[in-house]
**Student:** 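I have a structure here, written as structure tokens, and I will follow up with some questions on it.
Here is the naming used below: chain letters follow the sequence lines, and residue numbers restart at 1 for every chain. It should be emphasised that the depicted structure is a prediction, and the values quoted were computed from it without experimental measurement.
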There are 2 protein chains.
Amino acid sequence: MAGRDCQDGNEGRAVRELLDRIGDKWSLLVIGTLRQGPLRFGELQQQVGGISQRMLTLTLRHLERDGLATRTVFAEVPPRVEYELTALGRTLIPLVGALAEWAASNHLLIDANRARFDAAR
Amino acid sequence: MAGRDCQDGNEGRAVRELLDRIGDKWSLLVIGTLRQGPLRFGELQQQVGGISQRMLTLTLRHLERDGLATRTVFAEVPPRVEYELTALGRTLIPLVGALAEWAASNHLLIDANRARFDAAR
DNA sequence: CGGTATCCCTCGTGATACTG
DNA sequence: CAGTATCACGAGGGATACCG
């Protein structure tokens, strides 16, 4: 199946659409953070690190809209809201893992290439 | 190795940096297009589809800078320039493939979720 | 606690024109 | 053919303040 739609056109569109969905600044990070289980809004913000309240809200709404995560409100005081990956969202975990692994393995190499390239010009 | 640096902090940074590099609008698409072998600037622009000359140039410089692709100029008339993935760049092909496959398998499902979500509000 | 609303500014991107 | 230069626009995203 990976080899069938390799006539540039279809694969390109598929990748493009995926990037439009989770290729933004925070989606993959939030998905990665949720991989171990449900988290509250505040915990999520703290663990992702560096994300503003606004962007976390927007990202979560986006994931919810795409059916990648669920939002559960508990009628308590103080209010508690938990977010959790759906089954579909969990299918992305291996991809995020692969990306993270690639990044961890190669970022030093890339930094070296980049420094060399910058020095050469 | 995938399970070692899962203390959110490191994995998060790694994914973030990877996204800063290839998470833009065109990088993954160009990498995917180059997977079969070297291409000239014009061929690349045509096969990627929808990318402006400017963005293709920027994207290619970016990939070159990170050591993911090479630029080869042939001293001919008319001028010919070919771009090709490096060994490092080729290690990304399986990831792009996995992403494309995931997107192809799930985009209908996501569209349905999205339609339902939009209808509910 | 977990949002929403508003302001504001940077950056990515496209269009167009010009060059070697 | 394969770029570079310039402009101009709109979305992305941070900061802040307020709400249930």
**Student:** Kindly point out which of dT13(C), dG3(D), dC1(C) is positioned nearest to the side chain of Pro78(A)?
**Tutor:** dC1(C)
**Student:** Could you check how far CD of Gln45(B) sits from P of dT4(D), rounded to whole Å?
**Tutor:** 13 Å
**Student:** Look at the side chain of Met55(A) and decide which nucleotide, out of dG2(C), dG14(D), dT13(C), has an atom nearest to it.
**Tutor:** dG14(D)
**Student:** Starting from the 5' end of DNA chain C, give me the residue, Glu82(A) or Gln53(B), whose nearest nucleotide shows up first.
**Tutor:** Glu82(A)
**Student:** Return the OG1 to CZ distance between Thr57(A) and Arg54(A), rounded to the nearest 0.5 Å.
**Tutor:** 9.5 Å
**Student:** Quick check on dG2(C): is either OP1 or OP2 less than 4.0 Å from any side-chain nitrogen or oxygen of Arg71(A)?
**Tutor:** no
**Student:** Rounded to the nearest 0.5 Å, how far does CG of Leu63(B) lie from CD of Glu84(B)?
**Tutor:** 13.5 Å
**Student:** Separation of Phe74(B) atom CZ from dA2(D) atom P, in whole Å?
**Tutor:** 11 Å
**Student:** Is Val30(A) linked to Phe117(B) within one hydrophobic cluster, defined over Ile, Leu, Val, Met, Phe, Trp and Tyr using a side-chain heavy-atom separation of less than 4.5 Å?
**Tutor:** no
**Student:** Any side-chain N or O of Arg54(A) under 4.0 Å from OP1/OP2 of dT4(C)?
**Tutor:** no
**Student:** For the helix from dC1(C)-dG20(D) to dG20(C)-dC1(D), figure out the bend between the end axes, five pairs an end, and round to 10 degrees.
**Tutor:** 40°
**Student:** Figure out the CG/C1' separation between Asp20(A) and dG12(C), and round it to whole Å.
**Tutor:** 14 Å
**Student:** Could you state the CD-P distance from Gln46(A) to dC1(C), rounded to the nearest angstrom?
**Tutor:** 11 Å
**Student:** Taking the minimum atom-to-atom distance to the side chain of Arg61(A), which one of dT4(D), dT4(C), dC1(D) wins?
**Tutor:** dT4(C)
**Student:** Regarding Arg71(A) and the six-membered ring of Tyr83(A), is the cationic atom NZ or CZ under 6.0 Å from the ring centre and inside 45° of its axis?
**Tutor:** no
**Student:** When the distance from CG of Leu56(B) to P of dG14(C) is rounded to whole Å, what number comes out?
**Tutor:** 11 Å
**Student:** In whole Å, I'd like the distance from the NZ atom of Lys25(A) to the C1' atom of dG14(D).
**Tutor:** 8 Å
**Student:** Should the pair Asp66(A)-Arg61(A) be classified as a salt bridge under the 4.0 Å nitrogen-to-oxygen rule?
**Tutor:** no
**Student:** CG/Leu60(A) to CZ/Arg65(A) distance, rounded to the nearest 0.5 angstrom?
**Tutor:** 14.5 Å
**Student:** Between Arg116(B) and Asp111(B), is there a salt bridge with N-O shorter than 4.0 Å?
**Tutor:** no
**Student:** Using a heavy-atom cut-off of under 4.0 Å over every strand shown, decide if Tyr83(B) touches base, sugar-phosphate, or nothing.
**Tutor:** sugar-phosphate
**Student:** Atom CG of Asp24(B) to atom P of dA11(D): distance rounded to whole Å?
**Tutor:** 19 Å
**Student:** Can you tell me how far P of dG2(C) sits from CG of Leu58(A), to the nearest Å?
**Tutor:** 17 Å
**Student:** Considering only side-chain heavy atoms of Val81(B), which listed nucleotide, dG3(C), dG3(D), dG14(C), is closest?
**Tutor:** dG3(D)
